[in-house]
Structure formats: C-alpha cells, structure tokens
Amino acid sequence: MSTTEPFPAAPPPAARPRRLRRVLYASALLLTGGVIGAVVAGPTLAQRWDGPPWAHGRGFGSHAMMGDPGAHMFFPGPIERGVERLGWATDASSEQKSRINTIAQKAADDIFALRAKHLEARRQIVETLAAPAIDRARLEALRADQMKLADAATKRITDALADIGDVLTPAQRADLGQRFERWQRWFRG
C-alpha cells in the first residue's frame, strides 16, 4: 500500500502559556490577597497602634519599660481617656473629672508597683521550674505571695472605685449602673 502522500501532519503543539502572563497572573493574585488582608486586618491593627516601637520599651524613649507590654495602660494618657469616657457617659463636670483622674492615677501608680512585684515573682517561678530539681516548698511560697498580691490589687481597685463613686452623684451612679447592665447584656448575648 503505497501512497504518495507523506505521513499525516501532526497536530500543532499546544501553545505554552507565556512566562509573562504567568508572572502577571501571580502578581495580580498576590496584590488582591494583600488588599483583602489589609482591608480585613486594617481596622484591627489600627485600634491597637499605640505609637512607634521605641515608645514601648523596645528601644529608647520616655516609656522604656524593659519590654513590659502591659505597662502602657498605667500611663496618664490611657487613664485620662478612660476618665473622659466616664465623664461623657455620666455627664460629669470638669471638677468631677479632675478628681476622678487624680484618684485613678494614684490607684494606677499603686497597682503598677504591685505589678512589678508580680512580674518579679513570675520570673522566680520560671527559674524554680527550670531548675534541675523542683522545689515544691518554694513554688508554694511563691504561689501564696502571688495570691497576696492579687488580693492587695483587688482591694486597691475596690477602694478606688468606691472613691470614684463618692465623687459622682447618686443619679450619675444609677445611670452608670444602667449602662453597665446594658453592656453586660450585650456581651452575654
């Protein structure tokens, strides 16, 4: 069976995607993912931004707290903002806000001193647990000290709340109590 036709022609090779097209497609996907991530995480991160890193003890600055991330709540700025919110919620006068700010700042200073003791005791607990032999008596003593510190802190907070309650009028305290109830219902669901 001889024919004069050559072998049937092979189908043309499949066109390979161009490298530039793949790079552009991957870049578009990455860019889209980045934008979506920024939109989703942006509001969350914006709420937690408390200034440049050197203001939080991770470098130089007036608030160098030796890497203590929770210490910033004891500074005057957050306390004053909390007092302003409380004053707005209760329609407090300027004099009331000033007195409440003084009480809150003094309580924060006292609690900050207790916090320093707590952090030192926590460091000692870690050292005790990392030792070759566990000293149960020392751990128990450190636990008892931590409980005393917690009791002192809650007592100081209760005293400060009572002092702030004395500054507010009975109507303001009743309004604040109603706000707390609504807040609790909202968070409990």
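FYI, the numbering just counts along the sequence from 1. Please read all numbers here as calculations on a predicted model, not as lab measurements.
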Please assess Gln105 against Asn101 for the test side chain to side chain donor-acceptor pair (under 3.5 Å), listing each intermediate value before the final yes or no. CA-CA 6 Å; Gln105 188 62 51; Asn101 191 33; over 6 Å; no
Would the number of heavy atoms belonging to other residues, nucleotides or ligands and lying under 6.0 Å from CZ of Arg136 be above 12? no
Where at least one partner belongs to residues 155-168, residue pairs that pass salt bridge (Lys or Arg N to Asp or Glu O under 4.0 Å), sequence neighbours excluded: Asp110-Arg156, Lys155-Asp159
Who clusters with Leu149? Use side-chain heavy atoms, under 4.5 angstrom, across I, L, V, M, F, W and Y, and order the result by chain and number. Leu114
Which atom of Leu168 lies closest to which atom of Gln96, heavy atoms considered: CA-NE2, 3.9 Å
Gln172 and Thr169: side chain to side chain donor-acceptor pair (under 3.5 Å), yes or no, with the steps? CA-CA 5 Å; Gln172 288 172 324; Thr169 65; 3.3 Å; yes
Would you check if the side chain of Glu120 reaches a backbone N or O of Lys117 as a donor-acceptor pair within less than 3.5 Å? no
Atom of Arg138, atom of Thr128 and distance for their closest heavy-atom approach: NE-OG1, 3.3 Å
So if you build clusters from Ile, Leu, Val, Met, Phe, Trp, Tyr with side-chain heavy-atom gaps below 4.5 Å, do Val126 and Leu119 land together? no
Which atoms form the tightest heavy-atom contact between Gln146 and Ala121, and what is the distance? NE2-CB, 3.1 Å
Using the rule that two of Ile, Leu, Val, Met, Phe, Trp, Tyr join whenever any of their side-chain heavy atoms come within less than 4.5 Å, decide whether Phe180 and Val167 are in one cluster. yes
Considering residues at least two apart in sequence or located in another chain, which fulfil the side-chain contact (heavy atoms from CB on, under 4.5 Å) criterion with Arg143? Glu140, Met147
Can you tell me how far apart CZ (Arg123) and CG (Leu142) are? Round to the nearest 0.5 Å. 10.5 Å
So how far is it from Arg115 CZ to Arg122 CZ, rounded to the nearest 0.5 Å? 7.5 Å
